[in-house]
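The basis for the numbers below is simple: all heavy atoms, side chains too, and nothing from hydrogens, waters or symmetry mates. Residue numbers start from 1 in every chain, and the chains themselves are labelled A, B, ... in the order their sequence lines are given, proteins ahead of strands.
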Protein chains: 2
Amino acid sequence: MSRRPPLSRPRILEAAVAFADEHGADALTMRKVADALGFRVMSLYNHVANKNEMLTGMVDLVVGEIEPPPTRGSWQELMQASAASAHHVLLRHPWAASEWSKRHPGPNRLRYMDDILRILTEADLGPSIVYRGYHAITMHIVGFTLQEAGFEGEMASDFEQMAQDFLDQMSDQLPYLAEHVRGHLDPCGHGDEFAFVLSLILDGLERAARPRG
Amino acid sequence: MSRRPPLSRPRILEAAVAFADEHGADALTMRKVADALGFRVMSLYNHVANKNEMLTGMVDLVVGEIEPPPTRGSWQELMQASAASAHHVLLRHPWAASEWSKRHPGPNRLRYMDDILRILTEADLGPSIVYRGYHAITMHIVGFTLQEAGFEGEMASDFEQMAQDFLDQMSDQLPYLAEHVRGHLDPCGHGDEFAFVLSLILDGLERAARPRG
DNA sequence: ACCTGAACACCGTTCAAGT
DNA sequence: ACCTGAACACCGTTCAAGT
């Protein structure tokens with residue numbers, strides 16, 4: 001707990017990410033970040049333009065944690081591996097999926113985008129499938145994690161209680177939803193849903209590019 | 001422009017949605033909503049618990065605009081129609097996709113969830129595919145629109161300029177990304193990407209449920 | 001060059017007072 | 001029952017002053 005190593009942009013972003021990880025993005029405040037570092041608010045502005053730019057930097061820092069894709073394997077394997085790493089990173093930083101789509105890409109994200117596009121291009125799927133596939137895949141990675149994070153953030157411990165109340169009151173009016181909620185309460189899981197849905201997309205792209213694959 | 005019809009919860013939510021549509025969710029303020037209605041801030045609190053609860057109500061109001069699924073057609077057709085309506089609604093309210101995943105479902109959203117699950121259940125895909133398919137589909141609808149909204153919000157008019165600058169500076173370091181950006185600049189579009197990716201998911205679900213379909 | 005105190009315009013929300 | 005003024009604790013950010 002050594003207080004006051006010197007202030008710097010990386011140290012600020014690091015502390016801000018840690019704070020958001022623990023307390024959520026809504027609670028993130030310039031003053032709180034400064035407190036966590038042992039400085040006063042205004043000191044931050046010597047290294048960061050403003051809160052918005054700080055958040056952009058935070059997202060790019062998080063993107064930097066994603067493992068680069070492996071060098072060997074089928075294009076689906078490369079993509080699954082890269083997506084799994086991105087998924088893990090975004091689950092570690094539950095606020096980041098929501099910010100991802102709101103901000104300009106920084107250097108790490110540009111690098112990441114290029115990696116994904118390289119895999120697709122070298123898979124020889126044709127320019128149109130590469131173009132659309134890229135959007136489908138990034139949408140899945142961010143969108144799916146966003147849904148998971150929102151789900152866990154909101155509910156977590158009291159989900160079971162809420163679900164029970166819902167089942168008691170609404171089962172007859174919304175029977176299909178009731179059945180789905182029972183699925184969520186089922187302790188034996190449904191396997192890796194993230195990878196499952198991604199495989200639907202990847203297989204679909206492969207089939208669209210090479211109908212007689 | 002008749003000022004001051006009486007205040008009420010629906011009128012507040014309506015005004016708040018209109019304000020967020022025009023100025024974005026970040027600019028939304030209790031004081032601004034009150035101003036737009038011709039009242040003072042504190043009057044709002046007689047009809048809404050607080051800003052958070054107001055936002056939850058706003059999302060549910062928007063979900064209420066989604067058309068119920070048609071009554072006839074293949075399950076894929078029903079799903080495509082329902083998803084297209086949801087997509088249009090979320091594009092009309094670009095802030096809503098981002099809030100969707102952060103808030104508890106209200107009555108309209110519970111109804112909507114039940115509709116989606118009914119389509120899947122009656123398609124006879126089996127409980128496991130229904131469960132996972134539901135998550136895949138809602139993830140697509142919200143996630144894809146979120147990406148579109150973020151894209152248009154951030155850039156819009158100056159996107160072409162930014163893209164040109166990027167191409168001039170970075171083409172050699174990030175060649176695959178550069179090619180993708182050229183695709184975005186291409187005036188002849190790439191068709192309905194939203195429906196294309198959804199069809200990948202729907203076909204994949206069908207195939208997973210009935211391998212010899 | 002980096003840190004900071006004081007100040008400004010703005011938040012969401014509470015409470016007590018009006019009608 | 002519904003509206004509101006004053007007040008509180010908190011924001012992000014500017015500016016001028018310190019070292």
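Between D114(A) and R118(A) there is no salt bridge, since no side-chain N of the basic residue sits under 4.0 Å from a carboxylate O of the acidic one. Using a cutoff of 4.0 Å between basic side-chain nitrogens and carboxylate oxygens, R103(B) and E53(B) are not scored as salt-bridged. Using a cutoff of 4.0 Å between basic side-chain nitrogens and carboxylate oxygens, R11(A) and E14(A) are not scored as salt-bridged. A salt bridge is defined here as a Lys NZ or Arg NE, NH1 or NH2 lying under 4.0 Å from an Asp or Glu carboxylate O, and D115(B) with R111(B) meets this definition.
Here H180(B) pairs with H135(A), H184(B) under the side chain to side chain donor-acceptor pair (under 3.5 Å) rule; sequence neighbours left out.
Residues from residues 15-26 of chain A that place a heavy atom under 4.0 Å from any atom of DNA chain C: there are none. Within residues 45-55 of chain B, the residues that have a heavy atom under 4.0 Å from DNA chain D are, in order of number, N46(B), H47(B).
Among the atoms of the strands shown, only primed sugar atoms or phosphate atoms (P, OP1, OP2) are found under 4.0 Å from some heavy atom of T29(A). Backbone-only contact: M30(B) has heavy atoms under 4.0 Å from sugar-phosphate atoms and none from a base.
Among pairs with a residue in residues 10-61 of chain A, those fulfilling ring pair (Phe, Tyr, Trp, His ring centres under 6.0 Å) read F19(A)-H23(A), at least two apart in sequence or across chains.
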* Go ahead and write out DNA chain C as dot-bracket, 5' to 3': ( ) for pairs within the strand, [ ] for ones crossing earlier pairs, | when the partner sits on another strand, dots for unpaired; Watson-Crick or G-U wobble, both distances under 3.5 Å. => ||.|||||...|||||.||

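Of the two residues contacting DNA chain C, namely V41(A) and R31(A), the nearest-nucleotide position lying further toward the 5' end is that of V41(A).
Side-chain contact between L174(B) and F166(B) is present, with heavy atoms from C-beta onward closer than 4.5 Å.
Between the side chain of D35(A) and the main chain of R40(A), no donor-acceptor pair closer than 3.5 Å is present. Of the possible polar contacts, none joining the S101(A) side chain to the Q147(B) backbone as a donor-acceptor pair under 3.5 Å is found.
A side-chain N or O of H93(B) and one of E65(B) form a donor-acceptor pair less than 3.5 Å apart. No hydrogens or angles considered: a donor-acceptor pair under 3.5 Å links the side chains of Q161(B) and D165(B).
Interface limits on DNA chain C: the 5'-most and 3'-most nucleotides within less than 4.0 Å of chain B heavy atoms are dC11(C) to dC15(C).
Taking the six-membered ring where tryptophan is involved, the planes of H190(B) and Y131(A) are essentially parallel, since the angle between them stays under 30° and well short of 60°. Using cut-offs of 30° and 60° for the angle between ring planes, the H87(A) and F194(A) rings count as parallel.
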